[in-house]
Participant: 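After the structure tokens below, expect a handful of questions from me.
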There are 2 protein chains.
Amino acid sequence: MRNPWATKMEQFTAFTADERTRLDTVLASRQQAFQAQEDIIADGAHSDYCHVLLTGLACRYKILPDGERQIMAFLVPGDLCDAEIFILKKMDHAVGTLTASTTAMIHSSEMKMLLREASPISEALWWGTMTDLGVLRERIIDQGRRDATERLAHLLYEMLVRYRVSGATETNAIDFPITQTDLADATGMTPSHVNRVLQRFREDGLIELRSRTLTIANPARLKSLAQFSAAYLHLDRTEAKDPAVFARAGDLISVP
Amino acid sequence: MRNPWATKMEQFTAFTADERTRLDTVLASRQQAFQAQEDIIADGAHSDYCHVLLTGLACRYKILPDGERQIMAFLVPGDLCDAEIFILKKMDHAVGTLTASTTAMIHSSEMKMLLREASPISEALWWGTMTDLGVLRERIIDQGRRDATERLAHLLYEMLVRYRVSGATETNAIDFPITQTDLADATGMTPSHVNRVLQRFREDGLIELRSRTLTIANPARLKSLAQFSAAYLHLDRTEAKDPAVFARAGDLISVP
DNA sequence: CGTAACTTTGAGACGTATCAATTCTTGTGG
DNA sequence: CCACAAGAATTGATACGTCTCAAAGTTACG
């Protein structure tokens with residue numbers, strides 16, 4: 001079985017064969033399939049299981065009192081959907097799919113065991129949580145101090161990096177089922193304005209985007225336009241140029 | 001010794017006398033004093049110690065390439081400044097003081113021990129981390145889907161709640177050394193505009209703000225203006241109306 | 001008691017929202 | 001395999017929130 005969760009964590013640390021087996025076992029025990037636009041876990045819900053996204057694309061979001069939706073993060077295979085549920089009484093936001101997806105379910109008790117061991121696995125779980133914090137902080141910077149163009153550029157570039165890291169692509173093209181309305185809800189923009197900015201990107205030869213495929217035609221210029229620096233992703237082994245890992249995303253995150 | 005860290009975590013769980021003693025010991029072993037406008041830990045730095053803010057006021061921030069500053073969070077006594085440092089190679093942002101402050105230093109090895117125990121302390125540490133994630137997500141909602149007025153109202157109200165929870169005040173007045181420039185850097189606004197919005201708040205009788213003291217004159221209206229809901233703070237014991245704890249902040253966070 | 005930091009005020013410019021209408025895609029059932 | 005429906009992308013004209021930049025007040029503090 002492909003194990004994107006282990007693959008993701010291996011950005012941070014190397015696992016022994018035993019540890020990989022352990023992670024494979026944990027993921028295999030119980031899985032769940034979702035259609036597009038379905039909640040993996042609803043706002044305010046509780047569950048005894050954490051979900052790891054195995055395939056598909058999901059997002060964290062919240063519906064505000066006035067009906068508007070704010071997307072706080074996109075989730076790609078290997079991401080933990082609701083790590084907090086093992087410790088908190090209920091979710092303070094929802095996680096929903098954008099496309100048909102599958103998840104692996106991990107029981108809270110199993111999760112607590114993994115976290116309490118003095119092992120690379122528990123360290124990798126902490127790393128994942130700390131990285132999530134970094135990603136959220138970067139999004140705050142996006143929305144506080146970058147204009148619409150920079151925000152969108154940053155989001156597109158980050159998605160490419162994360163797809164590369166997760167092994168979902170080896171080129172500069174990614175499957176991109178995210179609609180312009182989704183992008184608007186994630187960046188705090190209007191769908192119309194998202195559209196106009198994307199068109200400018202196309203005119204300027206930065207990207208191609210059609211039929212659910214996004215191609216970053218000029219990664220270097222998009223990166224500098226976005227003021228992108230990969231530090232907040234804490235891809236330690238990639239930065240250290242671990243051969244197996246660096247090959248996947250090194251060209252995108254190199255420090256200028 | 002006053003232990004705001006333990007006080008904060010007791011929002012989530014009750015500690016035995018032994019556990020309180022343990023936390024007191026951890027905090028007492030090594031402390032550090034800072035002046036106003038000084039970095040507790042710099043962007044890109046590494047340290048073998050985590051810092052817990054004991055007194056004063058600090059913020060997480062990042063300086064962008066163009067020199068602008070984005071404040072991502074304010075830290076009050078009891079908050080962990082740099083939990084990530086025990087696992088990550090370096091900080092992806094800085095933590096600096098706004099006023100003269102003191103911190104307690106916790107060695108990485110001690111931190112790892114606390115986290116690995118099957119104890120209320122390790123659960124409370126996870127709770128703190130998960131709550132930080134929630135606060136950051138709320139800030140993303142602020143900046144993505146709320147206008148300047150709502151953003152500022154939300155920030156002021158949240159500060160009042162956090163001061164109450166930490167035991168720093170029992171009224172609707174708090175010490176508020178945060179300048180309008182700081183508020184601008186935190187909310188993604190211009191200092192001029194912060195000023196104009198604050199004046200409106202004063203005219204409308206929502207707040208009083210002078211000589212470093214903020215008084216929320218009309219908490220109920222400010223709360224509804226901000227669309228504030230305390231769910232993201234996960235104050236479990238407060239919601240459960242634990243008498244000792246609920247008394248401190250219950251009136252501010254009650255569900256409408 | 002002077003000076004630096006902070007707050008306040010003003011007028012004009014600009015980015016982005018609004019809202020409505022149109023065109024293009026995509027998936028689906030006949 | 002085509003036609004249609006539903007969703008998604010595109011376009012346009014106007015309105016509004018917030019920024020910009022500059023200058024004048026005010027406050028705090030050594």
Side-chain angles (χ1 to χ4, degrees), chain A residues 35-38 57 59 64 66-71 96-100 142-153 155-156 175-203 207-214 225, chain B residues 35-38 57 59 64 66-71 96-100 142-153 155-156 175-203 207-214 225:
Chain A
Q35 300 183 309
Q37 313 295 332
E38 198 179 346
L57 187 68
C59 68
L64 301 192
D66 59 3
E68 287 201 286
R69 177 180 67 158
Q70 174 70 40
I71 292 178
T97 61
L98 297 174
T99 66
D142 264 5
Q143 301 190 344
R145 286 280 174 251
R146 300 205 251 250
D147 67 17
T149 304
E150 295 165 330
R151 276 208 301 273
L152 249 187
L155 177 56
L156 298 181
D175 184 40
F176 200 79
I178 302 173
T179 69
Q180 295 184 2
T181 302
D182 294 333
L183 289 175
D185 286 345
T187 55
M189 297 162 63
T190 274
S192 313
H193 201 230
V194 168
N195 182 276
R196 287 185 250 259
V197 173
L198 286 178
Q199 281 179 61
R200 182 91 61 80
F201 285 171
R202 281 192 274 239
E203 285 167 19
I207 66 167
E208 289 164 30
L209 175 55
R210 58 167 181 282
S211 58
R212 299 200 152 202
T213 298
L214 170 68
L225 176 61
Chain B
Q35 300 181 309
Q37 313 295 332
E38 198 179 345
L57 188 68
C59 67
L64 301 192
D66 59 4
E68 286 201 286
R69 177 180 67 158
Q70 174 70 39
I71 292 177
T97 61
L98 296 174
T99 66
D142 264 4
Q143 300 189 346
R145 286 279 173 253
R146 299 205 251 250
D147 67 18
T149 303
E150 295 165 330
R151 273 206 305 272
L152 249 188
L155 176 56
L156 298 181
D175 185 41
F176 201 78
I178 303 173
T179 70
Q180 296 185 2
T181 303
D182 294 333
L183 288 175
D185 285 346
T187 55
M189 298 162 63
T190 276
S192 314
H193 201 230
V194 168
N195 183 275
R196 287 185 251 258
V197 173
L198 285 178
Q199 280 178 60
R200 183 92 60 81
F201 285 171
R202 281 193 274 238
E203 285 166 19
I207 66 166
E208 290 165 31
L209 175 54
R210 59 168 181 278
S211 57
R212 300 199 150 201
T213 298
L214 170 69
L225 177 61

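Note on naming: letters A, B, ... go to the chains in the order of the sequence lines (proteins, then strands), and numbering restarts at 1 for each one.
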Participant: Can you confirm whether D175(A) sits close enough to R212(A) that some side-chain heavy atom of one is under 4.5 Å from a side-chain heavy atom of the other?
Facilitator: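 Yes; the side chains approach each other to less than 4.5 Å.
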
Participant: dG27(C) phosphate, OP1 or OP2: any side-chain N/O from R212(A) under 4.0 angstrom?
Facilitator: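 R212(A) to dG27(C) OP1/OP2: no side-chain N or O under 4.0 Å.
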
Participant: Taking CD from Q199(A) and P from dT16(C), how many angstroms apart are they, rounded to a whole number?
Facilitator: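 That distance rounds to 16 Å.
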
Participant: Using the C1' atoms of the five pairs at each end, what is the angle between the end axes of the helix from dC1(C)-dG30(D) to dG30(C)-dC1(D), to 10°?
Facilitator: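 It comes to 50° between the two terminal axes.
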
Participant: Tell me whether R202(A) at atom CZ has more than 12 heavy atoms from other residues, nucleotides or ligands lying less than 6.0 Å away.
Facilitator: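 More than 12 heavy atoms, drawn from other residues, nucleotides or ligands, come within 6.0 Å of this atom.
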
Participant: Kindly write out the residues that satisfy salt bridge (Lys or Arg N to Asp or Glu O under 4.0 Å) with E38(A), not counting sequence neighbours, or none if the list is empty.
Facilitator: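 Result, salt bridge (Lys or Arg N to Asp or Glu O under 4.0 Å) vs E38(A): none returned.
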
Participant: Look at the side chain of Q70(B) and the backbone N and O of D185(B), then say whether any donor-acceptor pair between them is shorter than 3.5 Å.
Facilitator: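 Pair found, side chain donor or acceptor close to backbone of D185(B).
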
Participant: Can you tell me the distance, in whole Å, between the CD atom of Q180(A) and the P atom of dA17(C)?
Facilitator: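 These atoms are roughly 14 Å apart.
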
Participant: Is the shortest heavy-atom distance from the side chain of T149(A) to the side chain of F201(A) under 4.5 Å?
Facilitator: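 They are in contact (side-chain heavy atoms under 4.5 Å apart), so the answer is yes.
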
Participant: Within the side chain of T99(A), is there an N or O that forms a donor-acceptor pair under 3.5 Å with the backbone of L57(A)?
Facilitator: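 Indeed, once roles are kept as given, a pair shorter than 3.5 Å links the two residues.
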
Participant: What's the CZ-C1' distance between R210(B) and dA28(D), to the nearest Å?
Facilitator: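 These atoms are roughly 16 Å apart.
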
Participant: Which letters describe nucleotides 15-22 of chain D, given B = protein heavy atom under 4.0 Å from base, S = only from sugar-phosphate, - = neither?
Facilitator: ---SSBB-

Participant: Rounded to the Å, how far apart are I178(B) CD1 and dA28(D) C1'?
Facilitator: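 Between C1' of dA28(D) and CD1 of I178(B): 18 Å.
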
Participant: Please report the closest heavy-atom contact between R146(B) and R151(B), naming both atoms and the distance.
Facilitator: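 Scanning both residues, the minimum pair turns out to be O-NH1, 3.1 Å.
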
Participant: Taking only the side-chain nitrogens and oxygens of N195(A), find out if one of them lies under 4.0 Å from OP1 or OP2 of dT10(D).
Facilitator: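 Checking N195(A) against dT10(D): at least one side-chain N or O falls below 4.0 Å of OP1 or OP2.
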
Participant: Would you kindly give the CD-to-P distance between Q37(B) and dA5(C), to the nearest whole Å?
Facilitator: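 Answer to the nearest Å: 10 Å.
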
Participant: Can you confirm whether L198(A) sits close enough to L183(A) that some side-chain heavy atom of one is under 4.5 Å from a side-chain heavy atom of the other?
Facilitator: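 The answer is yes, as the side chains (C-beta and beyond) meet within the 4.5 Å cut-off.
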
Participant: Rounded off to whole Å, could you give me the CZ-to-C1' distance for the R202(B) and dT9(C) pair?
Facilitator: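 Rounded to the whole Å, the gap is 14 Å.
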
Participant: In whole angstroms, how far is the P atom of dT7(C) from the CZ atom of F201(B)?
Facilitator: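 Nearest whole value for this atom pair: 16 Å.
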
Participant: Consider only side-chain N and O atoms of D182(B) and T179(B), and report whether a donor and an acceptor are under 3.5 Å apart.
Facilitator: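 Checked: D182(B)/T179(B) side chains pair up, N/O donor to acceptor below 3.5 Å.
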
Participant: When you measure from the side chain of S211(A), which nucleotide among dT9(C), dT26(C), dA9(D) comes out closest?
Facilitator: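 Looking only at side-chain atoms, S211(A) lies closest to dT26(C).
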
Participant: In whole angstrom, give the distance that lies between atom CG of L183(A) and atom P of dG7(D).
Facilitator: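 The distance from CG of L183(A) to P of dG7(D) comes to 19 Å, rounded to the nearest Å.
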
